[in-house]
Protein chains: 2
Amino acid sequence: MSTYKLRTVSVVEAVAEQLSEDIFSGAFRPRDVLTETQLSERFDVPRQTIRSAIVMLLHDGILRRERNKSVYVPLFSEEDIRDLFAVRRLVEMETARILSTRGVLPEGAKSAVRSMELLSDEDSWDELLKYDFQFHQALIEATKSTRLQKFYRSISAEMRLALTYFRSGDFSPSRMAREHREFLDAIRSGDPSAAVEACRVHIEESEAFINQTIHAQRERMDPDRARYLSDNKSL
Amino acid sequence: MSTYKLRTVSVVEAVAEQLSEDIFSGAFRPRDVLTETQLSERFDVPRQTIRSAIVMLLHDGILRRERNKSVYVPLFSEEDIRDLFAVRRLVEMETARILSTRGVLPEGAKSAVRSMELLSDEDSWDELLKYDFQFHQALIEATKSTRLQKFYRSISAEMRLALTYFRSGDFSPSRMAREHREFLDAIRSGDPSAAVEACRVHIEESEAFINQTIHAQRERMDPDRARYLSDNKSL
DNA sequence: ATCAAAATATTGTATAACAATACGACTATT
DNA sequence: AATAGTCGTATTGTTATACAATATTTTGAT
């Protein structure tokens with residue numbers, strides 16, 4: 001008889017998950033303030049449960065709070081974006097080094113790229129984003145490094161939130177697929193330094209894309225607003 | 001008039017802090033299971049408060065649990081130690097690169113080294129460890145990278161716990177001080193690659209020291225026990 | 001001794017209440 | 001009108017209690 005590892009979901013986890021979705025989907029916008037009683041009614045669970053769920057999301061970086069204040073959806077500054085990408089680059093380059101050294105190429109990453117290649121320009125940004133995350137997730141998990149995974153988890157939620165804010169920019173599934181394919185091939189090559197370099201390129205392309213979207217959004221604003229944001233280094 | 005940023009401590013934080021100390025100090029040993037009611041009585045706070053404190057320590061990696069089970073103090077495997085050091089090396093090398101590039105040399109790190117140099121061989125391992133952590137903490141904070149700091153925090157507690165387990169090995173404050181001094185000088189030099197390399201050496205010396213202690217401990221055991229541990233890759 | 005059922009212990013969730021803090025509205029004073 | 005002070009309200013932080021769900025131990029039957 002084989003044994004199954006069943007996956008159960010506690011109430012707190014379910015609330016945290018749904019609340020995350022509400023944030024990612026835009027139901028809650030940056031700077032929105034969420035009070036515990038309000039959430040308690042929304043999900044029809046006791047306030048204690050909400051508080052536990054909030055702690056999870058605080059750790060994921062998609063909610064913030066000061067003491068004795070209500071939590072709020074974070075607004076990422078340019079500095080936040082820089083920091084996120086810098087750290088992500090660090091982690092992913094190390095991942096690329098490990099995997100190419102070990103000659104490991106996770107199936108999940110391969111299938112994610114295949115899925116991307118099947119997307120057409122009419123498909124949604126969300127769809128593309130899903131495969132993007134699946135790809136990188138698979139790579140990290142293949143390292144088998146508990147701490148690296150923990151680290152990546154702690155920034156991936158923030159990353160996802162940042163990316164959804166700037167989804168509106170023009171994007172091309174085919175280009176995205178090609179970039180991921182190249183990265184994957186570099187890892188497959190077995191040359192660690194080449195893989196690491198490909199990773200750097202990949203992440204920097206991603207960052208450049210975001211920055212471009214940010215600036216495009218800013219130009220669509222009126223000058224005063226743009227100047228204000230520029231002064232406050234916020235998005 | 002200058003403004004102060006006051007630091008307050010909530011009940012949960014105080015409990016978490018004290019509980020951490022109890023774990024670091026060895027009052028709770030690896031594999032010890034801690035029930036919530038037991039802790040509730042020990043600290044004379046309601047169970048809900050204990051639960052919140054536990055969540056913090058779970059994130060710090062100095063407590064673990066499976067669902068519906070009591071938490072327990074982790075026992076680090078050799079793989080854990082390897083993983084911890086690998087990731088720590090990654091973060092600290094990046095830190096060294098950043099600081100040497102920017103020409104930043106935090107005061108806290110300098111004073112930590114000075115304190116080490118004043119220690120004699122009669123002083124305690126705990127004392128030395130304190131300055132060691134102060135040194136690395138200061139470096140990380142000087143990067144101003146929120147995510148890097150968050151990450152470091154998430155492994156430093158585990159690191160400290162691992163180090164306290166193996167405190168018994170022979171140690172030399174003067175050698176420790178010298179190693180840190182050399183690392184600091186390398187950062188000061190302004191040559192990033194030299195600083196990064198010095199960092200690698202520093203961390204690897206630290207890891208080698210731990211491994212040596214581990215093996216020494218193992219040899220003091222009886223053969224059966226040693227073989228058992230070897231088989232289970234646990235310490 | 002082995003297995004199953006019952007009793008117990010422990011975590012997870014729910015409800016309520018109160019204390020501490022933050023925030024806004026209002027008032028009094030100048 | 002502007003300012004500082006006071007009060008009331010909303011919100012978070014903490015405590016208390018109870019019960020449900022799950023895990024563990026004990027007991028009992030075979």
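Each of Val15(B), Leu63(B), Leu161(B), Leu57(B) was checked for a side chain to side chain contact (heavy atoms under 4.5 Å, CB included) with Ser20(B), and the lone residue meeting it is Leu57(B).
Taking 4.0 Å as the cutoff to heavy atoms of chain A, we find the contact window on DNA chain C bounded by dT13(C) to dC23(C).
Taking the six-membered ring where tryptophan is involved, the planes of His180(A) and Phe135(A) are perpendicular, since the angle between them exceeds 60° and thus also 30°.
Among all heavy-atom pairs drawn from Ala138(A) and Ala109(A), the shortest one is CB-N, 3.4 Å. Here the closest non-hydrogen pair linking Phe133(B) and Met159(B) is CZ-C, 4.2 Å. The two atoms that bring Arg64(B) and Phe76(B) nearest to each other are NH2-CE2, 3.6 Å, heavy atoms only. Contact between Thr143(B) and Arg102(B) at its shortest, heavy atoms only, is O-NH1, 3.0 Å.
When the local axes at the two ends of the helix from dA1(C)-dT30(D) to dT30(C)-dA1(D) are compared, using 5 base pairs at each end, they differ in direction by 10° after rounding to 10°.
Counting only N and O atoms by type, the side chains of Tyr152(A) and Glu92(A) include a donor and acceptor under 3.5 Å apart.
To the nearest 0.5 Å, atoms CG (Leu84(B)) and CD (Glu158(B)) are separated by 5.0 Å. Atom-to-atom distance recorded for Thr95(B):OG1 and Leu148(B):CG is 4.5 Å, nearest 0.5 angstrom.
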* Checking salt bridge (Lys or Arg N to Asp or Glu O under 4.0 Å) for the pair Arg114(B)/Glu107(B): CA distance, chi angles, key distance, verdict? -> CA-CA 11 Å; Arg114(B) 277 197 298 272; Glu107(B) 186 52 45; 3.1 Å; yes
* Encode nucleotides 9-17 of chain D as B, S and - characters from 5' to 3', where the letter depends on protein heavy atoms closer than 4.0 Å: B to the base, S only to sugar-phosphate, - to neither. => --SBBBB--
